[in-house]
Q: 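Sharing a structure below in structure tokens format, with a few things to ask.
Residue numbers count from 1 along this sequence.
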Amino acid sequence: RGSGERMAAAAAAAAGAGAGAGGAQPVPGSASSTWDKDLAEALDEGGCDLETLRNIIQGRCIPADQRAKVWKISLNVAGKVGSLGSWDGSLDLPEQTLIQEDCQKLIDRLSMPDEEKEQLLSDIESVITFYCKSRNVIYTQSLGWTDLLQLLVPLRMSRNDLYNCFYAIMNKYIPRDFVPSGRPFHLFRLLLQYHEPELCSFLDTKKITPDSYAISWGASLFAGCCTEDVAQMMWDVYLQQADPFLIFFLMLVILVNAKEIALSQEGECKEELIRSLENVPCNLETEDVEDLYSLALYYHARTPASFRKDNQNLFGSNLLGLKDDEMDLSQALCLPVSVSEILQANQLQGDGVRFFVVDCRPAEQYNAGHLSTAFHLDSDLMLQNPAEFALSVKSLLEAQKQSIESGSVASGEHLCFMGSGREEEDMYMNMVLAHFLQKNKEYVSIARGGFMALQQHLVDINVDGPENGYGHWIVSTSGSRGSISSSADGESPNGSGDGRGVKSLVNKMTFALKSKSVNVKEKVISFIENTSAPVERMTFHLPWPEKVNLDWHVSSSDRVGKPYRGVKPVFSIGDEEEYDTDEIDGSSMSDDDRKEIVNIQTWLNKPEIKHHFPCNEVKETGHMFPSHLMVTASHMYCLREIPSRKGFAYIQSRQALTSMVKITSKKKHPELITFKFGNSNVSPVEILAVERYLIPNAGDATKAIKQQIMKVLDALES
């Protein structure tokens with residue numbers, strides 16, 4: 001069974017490389033033999049939720065007699081009445097005969113007593129008919145609905161529960177527009193190209209598109225192309241993961257697992273190769289499921305978050321469907337990444353996606369202003385001076401390698417190319433992109449909207465200009481004024497104007513660098529190599545009100561605080577028009593030499609620590625500091641990591657939960673959370689301290705903190 005052996009070997013390699021980062025590991029190894037009893041008791045007691053199920057099951061295969069209850073809870077339909085009860089039961093669609101025939105074929109495939117089949121036939125036909133009517137869908141066999149129902153029907157649920165489960169799966173897990181040439185297939189091709197460019201290029205050459213072989217995979221969540229026991233086990237884990245985008249990564253793993261087979265059939269006709277790929281999931285066995293999910297999570301952790309965030313509308317009940325102004329992914333050269341993710345990714349610690357940004361604009365544009373961590377590759381050289389272009393590419397790859405080895409903030413395995421954002425100017429950049437893709441370079445993406453989008457994004461999040469320290473984002477190498485402007489004001493990025501609509505990031509910045517692109521590249525390589533101390537040649541002076549001179553360098557030891565996106569104004573959750581005007585920084589009340597130094601792991605092991613959230617503290621200046629929020633029964637602590645002492649931190653702040661008067665978040669950037677502390681016994685509320693943190697999964701953090709506050713208040717009242 002070569003296919004399964006390859007997948008197992010790949011999963012083992014992925015596990016060694018840290019597979020599953022950022023997600024729960026499905027189908028773990030051996031565990032307590034009493035877990036099934038715990039599951040039965042939890043289900044019998046009632047009130048069991050998905051999190052409870054996850055903690056008990058931990059990705060194991062669910063016992064057949066409990067599967068119906070577990071799936072209903074996982075789909076959030078347990079105990080729900082649903083809308084089927086109000087239907088008049090009319091079976092009068094124009095395609096009703098086709099529906100009846102397909103339902104009968106499904107019943108004929110099931111092994112059950114004949115007396116049950118008649119009622120089930122009626123239930124299945126009612127479910128499909130009512131769904132078509134309520135969703136205004138014309139039924140066709142290619143939709144794969146009977147394959148989905150093939151796994152649900154044997155669970156012997158009521159008609160109402162059957163419909164609710166079917167509706168929930170269609171609504172949450174089947175991508176919208178999952179039809180030939182639909183958007184999900186263009187997105188999947190970009191994902192394949194990102195991770196396996198060689199295989200993607202091979203299939204492109206054969207003119208084999210994903211919808212030709214994978215439409216049955218996703219339309220039925222593999223129920224129509226795997227054996228029943230494999231499909232059930234896949235759904236057991238899939239529904240507990242509760243991640244609709246997991247379908248793309250499962251498809252990716254299955255296709256990558258067939259890479260050797262596909263490449264070996266180069267001489268076969270297109271139709272034969274499509275049939276071979278379409279049948280790949282048929283070879284899966286139950287023991288392959290663990291490896292399948294481990295690899296899916298491995299690829300997921302190495303995919304830019306924009307893949308998910310920019311395509312949320314592929315799932316859900318929005319009847320309006322996809323927007324007309326959505327980016328045409330069929331024309332995308334490679335995976336697009338948002339500029340907000342680019343700015344944030346390299347600031348966060350951990351094993352997530354980190355970008356090595358390649359600015360492909362002409363030298364004069366780059367020198368006038370560019371992302372501080374970007375490497376310059378003049379795309380015009382590709383046609384004007386191929387030899388110099390080849391040297392530049394070699395320098396780029398060497399700089400990327402050295403930056404990764406040094407742990408530089410500019411480092412990243414993932415190449416992200418940035419143009420100007422103007423189609424006519426980015427023609428050469430697209431040729432450079434194609435060059436890298438033809439070389440089968442993995443992890444290649446493009447900054448959506450280019451440098452113009454970066455400028456506009458900084459305008460959107462930074463209403464107060466350079467006094468908050470956002471000059472770190474954009475630097476100039478020519479002594480020109482670096483600025484960002486709102487497109488709504490109709491001013492050019494470097495326009496002089498009268499200042500209206502222009503948010504200056506860096507005033508009169510100067511570098512002791514020449515403007516020629518090759519010299520710039522040499523300096524960049526040098527400055528990445530010299531990571532132990534600032535590079536004096538790259539000192540620039542910022543005549544801000546504080547009259548301070550900053551030495552800018554990118555190094556693994558440069559942890560004095562990295563600027564984050566705009567800090568103020570911070571919107572209140574649920575109220576986009578409300579501004580936070582309090583600018584008291586409660587964590588700045590004591591100097592470092594007076595702060596207590598503690599061992600982070602020792603604190604984590606303390607029994608009184610109820611919650612721990614790795615984060616970045618965001619100062620008023622916009623600088624960020626890797627930190628840890630720890631919550632006890634009565635207080636919230638901020639421990640700021642000490643760069644020179646790994647594993648140790650300062651106790652940056654200690655705040656009583658009872659003094660917390662407000663938690664707010666900016667709607668555009670929900671991961672940036674503001675906590676306000678003060679006295680709520682006076683009117684208006686007296687704000688004594690304000691602390692801001694960039695918290696991954698901020699929703700979980702704020703929920704836990706709010707719950708702990710309520711417990712404290714309840715205890716005080718009692």
Q: Would you say W217's side chain and I254's backbone share a donor-acceptor pair under 3.5 angstrom?
A: no
Q: Is R308 salt-bridged to D243, going by a charged N under 4.0 Å from an acidic O?
A: yes
Q: What is the distance from atom CE of M431 to atom CG of D426, rounded to the nearest 0.5 Å?
A: 13.0 Å
Q: Checking the side chain of H300 only, and the main-chain atoms of F249 only, is there a donor and an acceptor separated by less than 3.5 Å?
A: no
Q: Examine distances only and state if a side-chain atom of T205 and a backbone atom of S201 form a donor-acceptor pair shorter than 3.5 Å.
A: yes
Q: Judged by modelled atom types alone, do T303 and H195 share a side-chain donor-acceptor pair under 3.5 Å?
A: yes
Q: What I want to find out is whether R54 reaches E51 closely enough, with some N-O distance under 4.0 Å, to be called a salt bridge.
A: yes
Q: I'd like to check V70 versus S74 (side-chain heavy atoms, cut-off strictly below 4.5 Å). Are they in contact?
A: yes
Q: Between T140 and S142, is any side-chain donor less than 3.5 angstrom from a side-chain acceptor?
A: yes
Q: Indicate the ring-plane relationship of F355 and H414, choosing parallel, tilted or perpendicular according to the 30° and 60° boundaries.
A: perpendicular
Q: Do W71 and D236 pair up side chain to side chain, a donor and an acceptor below 3.5 Å, judged on atom types alone?
A: yes
Q: Decide yes or no for L397 and Q400: does some side-chain heavy atom of the first lie under 4.5 Å from some side-chain heavy atom of the second?
A: yes
Q: Go through the side-chain N and O atoms of S338 and D310 and say whether any donor and acceptor fall under 3.5 Å apart.
A: no
Q: Using the ring pair (Phe, Tyr, Trp, His ring centres under 6.0 Å) rule, pick out the option among Y428, F389, F417 that qualifies with H435.
A: F389
Q: If we ignore hydrogens and angles and just use 3.5 Å, is the side chain of D147 paired with the main-chain N or O of S220 as donor and acceptor?
A: no
Q: Using only atom types and a distance under 3.5 Å, with no angle test, would you say the side chain of N279 pairs donor to acceptor with the backbone of C282?
A: no
Q: Given side chains that start at C-beta, do those of L335 and L191 come closer than 4.5 Å, heavy atoms only?
A: no
Q: For the residue pair Y366 / D378, report whether a side-chain donor-acceptor contact shorter than 3.5 Å exists.
A: no
Q: Judged by atom type as modelled, is there a donor-acceptor pair below 3.5 Å linking the side chain of T146 to the main-chain atoms of L106?
A: no
Q: Does the ring of F178 carry R176 above it, NZ/CZ under 6.0 angstrom from centre and within 45° of its axis?
A: no
Q: When you measure from the side chain of N311 to the backbone of F307, do you find a donor-acceptor pair of N or O atoms at a distance under 3.5 Å?
A: yes
Q: Report yes or no: do E341 and S306 form a side-chain donor-acceptor pair below 3.5 Å?
A: yes
Q: Do K270 side-chain atoms and K207 backbone N/O form a donor-acceptor pair below 3.5 Å?
A: yes
Q: Using atom types as modelled and distance alone, determine if a side-chain donor or acceptor of Y213 lies under 3.5 Å from a backbone N or O of S276.
A: no
Q: Step through it carefully: locate the ring centre of F166, locate the ring centre of W145, and say whether they are under 6.0 Å apart.
A: yes
Q: Quick test of your reading of the model: are E198 and K259 salt-bridged, counting only N-O distances below 4.0 Å?
A: yes
Q: Ignoring hydrogens and geometry, is there a side-chain-to-backbone donor-acceptor pair from R67 to I62 under 3.5 Å?
A: yes
Q: According to the interplanar angle, ranging from 0 to 90°, do the rings of Y238 and Y173 count as parallel (below 30°), tilted (30 to 60°) or perpendicular (above 60°)?
A: perpendicular
Q: Does R361 make a cation-pi contact with F451 (under 6.0 Å, within 45 degrees of the axis)?
A: yes
Q: Do the charged groups of E278 and R275 touch, with an N to O distance under 4.0 Å?
A: no
